[in-house]
Every structure is written in C-alpha cells, then in structure tokens.
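Each remark here refers to the structure printed beneath this line.
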Amino acid sequence: MKLVIENVKKRFDKKEVLKGIDFEFEKGKIYGLLGRNGAGKTTLFNCLNEDLEVDEGSFYLVEDKQKRPMEAEDIGYVLSTPNVPEFLTGREFLKFFIDINEEHITNLRSIDEYFELMKILEEDRDKLLKDYSHGMKNKMQMLVNIIMSPKVLLLDEPLTSFDVVVAEEMKNLLRSIKKDHIIIFSTHIMELALDLCDEIVVLNKGVLKPIEPDRKSEKAFKEKIMASLMEE
C-alpha cells in the first residue's frame with residue numbers, strides 16, 4: 001500500500017505554503033517529517049485530512065496496484081494539542097467512541113485492555129478528562145486513533161508533552177504497529193526523528209525532499225538534514 005501525493009499546492013492569500021508536493025509514502029515505515037516553524041507541516045497534514053482544500057494537485061491510496069481516493073476512515077490524525085471531551089471520564093469517552101464506531105473497528109478489545117495498552121493507571125480511568133494532564137489527554141487522543149487502525153496515521157508533534165519514560169513507551173508502541181500502517185511523524189526535534197523513524201523527509205520552501213541516509217556517519221547524515229532545512 002502507498003499514499004501518493006501529486007503536485008499538491010496550497011496558498012494563503014499571497015503566501016504559497018505548499019509549492020507542489022510530490023511524494024510516495026509506503027506501508028510499514030515511519031516517516032519523520034522535519035521542517036522549521038512555519039514550513040507548512042501542519043498545513044500538509046490538514047490537506048491530507050481534508051480539513052483544508054488543496055488549491056491544486058491530488059493524493060490517493062494505491063492498494064494491490066489499484067488507485068483509489070482516501071476515505072475518512074483511512075486516515076487518523078493526532079494533533080499536537082489534544083482535543084477530548086473534558087466533561088466525560090476516560091472510561092465514558094472510550095465507551096462512547098467504541099459504541100459509535102464499533103462496526104468499523106477490527107479486533108475489538110475491552111476498554112480496560114485499551115487502557116492497559118496505553119499504560120493508563122486504574123485510578124485514572126474513571127477521572128474526568130478535564131483532570132487529565134496534557135500528556136494523558138494526548139495518550140487518549142492517540143488511543144482512539146489506534147483503536148480505529150487507520151491505513152494512514154498522521155502524528156503532529158505527538159510526543160512533546162510526554163515525559164521521557166512515556167515518550168519511550170509511545171515510540172515502542174508506534175514501532176509495534178508500523179507494519180500495518182503508513183505513519184508520518186511530524187516533529188522539529190531531529191534527534192527524536194532519527195531515533196524513531198525509518199526515513200527522513202524535509203519540508204522546506206514549500207517542497208518535500210527525502211534525505212538519503214549516510215550509512216558511514218551519523219554526523220554526516222545530520223549535517224545533510226540541517227543543510228536541507230536551511231536552504232534559502
């Protein structure tokens with residue numbers, strides 16, 4: 001399976017943020033999407049999620065050599081700022097989410113099994129979401145996307161709110177599920193991308209560019225990434 005992006009352009013007034021994105025993302029890999037602040041990473045995600053309409057170009061999935069448009073259930077989007085219903089408890093939220101999406105969920109587990117998957121403690125499961133920390137809210141947002149098991153998973157700075165231990169747990173979780181998904185991981189932290197991701201792509205000046213790894217030197221690879229990020 002592939003996600004193919006062809007000549008995607010997006011402009012805001014006179015500023016052209018995406019200047020013709022061409023890329024193919026393959027299932028089974030975690031792609032690190034690097035870019036400086038304002039480079040357009042979130043804009044690209046919003047276009048793929050169809051929260052924004054592209055000005056030009058297209059994107060689609062290729063499965064078994066057949067091309068087809070992406071459907072809403074094909075894509076999961078974890079935002080950098082979690083958006084959860086704070087008037088519900090964690091358990092109520094998961095139950096409600098599962099009830100309305102049950103027909104689309106494969107390999108359905110119990111609610112407590114899902115809590116265990118995300119290492120959410122028993123004493124926190126029946127607390128109101130408004131009393132969850134930012135990191136715990138982010139866990140819940142990540143969890144509902146994992147439950148739906150979308151073909152394409154967009155992660156916009158998802159680990160920045162976690163402490164070191166939880167961030168490592170989430171990285172291991174993403175590694176464990178990547179074989180069944182196309183995962184695009186947006187971050188501005190190069191070390192995190194290098195640790196987690198199979199491939200690095202840089203968004204700079206409205207264009208998406210893959211960075212070929214330097215097998216001989218990690219330092220040289222980092223220098224290539226930095227050079228791509230700083231190109232004028």
Side-chain angles (χ1 to χ4, degrees), residues 1-63 67-70 74-81 150-160 174 178 181-232:
M1 180 179 65
K2 292 181 180 181
L3 166 61
V4 179
I5 304 174
E6 293 183 345
N7 194 37
V8 164
K9 297 181 180 181
K10 183 62 185 178
R11 177 187 295 274
F12 296 99
D13 296 324
K14 295 182 179 180
K15 183 176 181 181
E16 192 175 24
V17 178
L18 306 179
K19 299 181 179 179
I21 301 290
D22 288 292
F23 208 83
E24 292 187 2
F25 295 95
E26 297 181 1
K27 184 176 80 168
K29 294 181 180 180
I30 302 175
Y31 291 85
L33 175 60
L34 291 174
R36 301 177 74 174
N37 290 337
K41 302 186 299 295
T42 300
T43 296
L44 175 60
F45 277 5
N46 285 335
C47 287
L48 294 175
N49 197 46
E50 298 191 323
D51 292 328
L52 288 174
E53 185 176 349
V54 301
D55 296 328
E56 191 175 323
S58 63
F59 50 90
Y60 52 87
L61 290 176
V62 176
E63 294 184 280
K67 170 180 166 181
R68 70 168 179 84
M70 283 209 293
D74 290 325
I75 195 159
Y77 189 2
V78 178
L79 304 169
S80 55
T81 302
K151 296 181 184 298
V152 179
L153 187 56
L154 307 177
L155 306 174
D156 191 359
E157 302 281 359
L159 303 185
T160 53
L174 291 173
K178 71 176 184 177
H181 305 271
I182 296 166
I183 300 177
I184 309 175
F185 182 95
S186 168
T187 182
H188 61 273
I189 303 173
M190 182 166 59
E191 297 293 342
L192 177 57
L194 291 173
D195 179 45
L196 175 63
C197 301
D198 301 292
E199 294 194 20
I200 302 294
V201 289
V202 166
L203 182 57
N204 187 28
K205 297 168 62 176
V207 176
L208 199 58
K209 175 183 176 183
I211 308 298
E212 292 297 324
D214 190 313
R215 303 298 181 187
K216 296 180 181 179
S217 169
E218 182 177 331
K219 180 181 178 182
F221 186 32
K222 290 180 180 179
E223 289 172 352
K224 285 171 66 175
I225 295 171
M226 286 299 298
S228 294
L229 289 168
M230 297 174 67
E231 282 180 357
E232 297 294 339

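We count residues from 1, following the sequence as given.
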* Structure fact -> Taking every heavy atom of S80 against every heavy atom of E157, the minimum-distance pair comes out as CB-CB, 3.9 Å

* To do: Check whether any side-chain heavy atom of V152 sits under 4.5 Å from a side-chain heavy atom of F25, and report yes or no.
  => no

* To do: Could you pull out all residues at least two apart from D51 that satisfy salt bridge (Lys or Arg N to Asp or Glu O under 4.0 Å)?
  => none

* Asked: Among all residues two or more places apart in sequence or in another chain, which pass the ring-ring contact (aromatic ring centres under 6.0 Å, His included) test with F59?
  -> none

* Structure fact -> Residue pairs meeting ring pair (Phe, Tyr, Trp, His ring centres under 6.0 Å), one or both in residues 181-214, sequence neighbours left out, come to none

* **pair N204-L229: side-chain heavy atoms closer than 4.5 Å** => no

* What distance do I183 atom CD1 and L196 atom CG have between them, rounded to the nearest 0.5 Å? -> 8.0 Å

* Who passes side chain to side chain contact (heavy atoms under 4.5 Å, CB included) against A227, sequence neighbours left out? -> none

* Minimal non-hydrogen separation, E231 against K209, with atom names -> OE2-NZ, 3.4 Å

* Asked: Between atom NZ of K222 and atom CD1 of I211, what is the distance when rounded to the nearest 0.5 Å?
  -> 15.0 Å

* Step by step, would you call M70 with K151 a side chain to side chain contact (heavy atoms under 4.5 Å, CB included)? -> CA-CA 9 Å; M70 283 209 293; K151 296 181 184 298; over 6 Å; no

* Please determine which of D74, V62, I75, L61 meets the side-chain contact (heavy atoms from CB on, under 4.5 Å) test together with L3. => L61

* OG1 of T42 to CG of L154: how many Å apart, nearest 0.5 Å? -> 10.5 Å

* Asked: Can you name the closest pair of heavy atoms from I5 and I21 and give their distance?
  -> CG2-O, 3.5 Å

* Nearest heavy-atom pair of L34 and A193: which atoms, and what distance? -> CD2-CB, 4.0 Å

* Check: K10 side chain, E53 main-chain N or O, donor-acceptor pair, under 3.5 Å -> yes

* For F45, which residues count as a ring-ring contact (aromatic ring centres under 6.0 Å, His included) partner, sequence neighbours excluded? -> Y77

* Counting distance only, does the side-chain N/O of N7 pair as donor-acceptor with the main-chain N or O of G57 below 3.5 Å? -> no

* With L18, the side-chain contact (heavy atoms from CB on, under 4.5 Å) member among L208, L203, V207, L52 -> L203

* To do: Report yes if the side chains of D198 and K178 come closer than 4.5 Å at any heavy-atom pair, otherwise no.
  => yes

* To do: Using the test side-chain hydrogen bond (donor to acceptor under 3.5 Å, both in side chains), find all partners of E6 that sit at least two apart in sequence or belong to another chain.
  => Y60

* Structure fact -> Contacts of K219 meeting side chain to side chain contact (heavy atoms under 4.5 Å, CB included) (sequence neighbours excluded), chain-then-number -> S217, E223

* Structure fact -> Residue set satisfying salt bridge (Lys or Arg N to Asp or Glu O under 4.0 Å) with E24, at least two apart, ordered chain then number -> K2

* Asked: Taking the side chain from K41 and the backbone from G35, do they hold a donor-acceptor pair closer than 3.5 Å?
  -> yes

* Using a strict 4.0 Å threshold on nitrogen-to-oxygen distance, state whether E63 and R68 make a salt bridge. => yes

* Point-to-point distance, once rounded to the nearest 0.5 Å, from CD1 of I200 to CD1 of I30 -> 10.5 Å

* Excluding sequence neighbours, so at least two apart, what forms side-chain hydrogen bond (donor to acceptor under 3.5 Å, both in side chains) with E26? -> none

* **Pairwise side-chain contact, L194 with I225, heavy-atom cut-off 4.5 Å (strictly under)** => yes

* For E199, all residues meeting side-chain hydrogen bond (donor to acceptor under 3.5 Å, both in side chains), sequence neighbours excluded -> K29

* List for me each residue that meets salt bridge (Lys or Arg N to Asp or Glu O under 4.0 Å) alongside K27, sequence neighbours excluded, and say none if there are none. => none

* **Any residue meeting salt bridge (Lys or Arg N to Asp or Glu O under 4.0 Å) with E212, in chain and number order, not counting sequence neighbours** => none

* Find the distance between SG (C197) and CD1 (I184) and round it off to the nearest 0.5 Å. => 10.5 Å

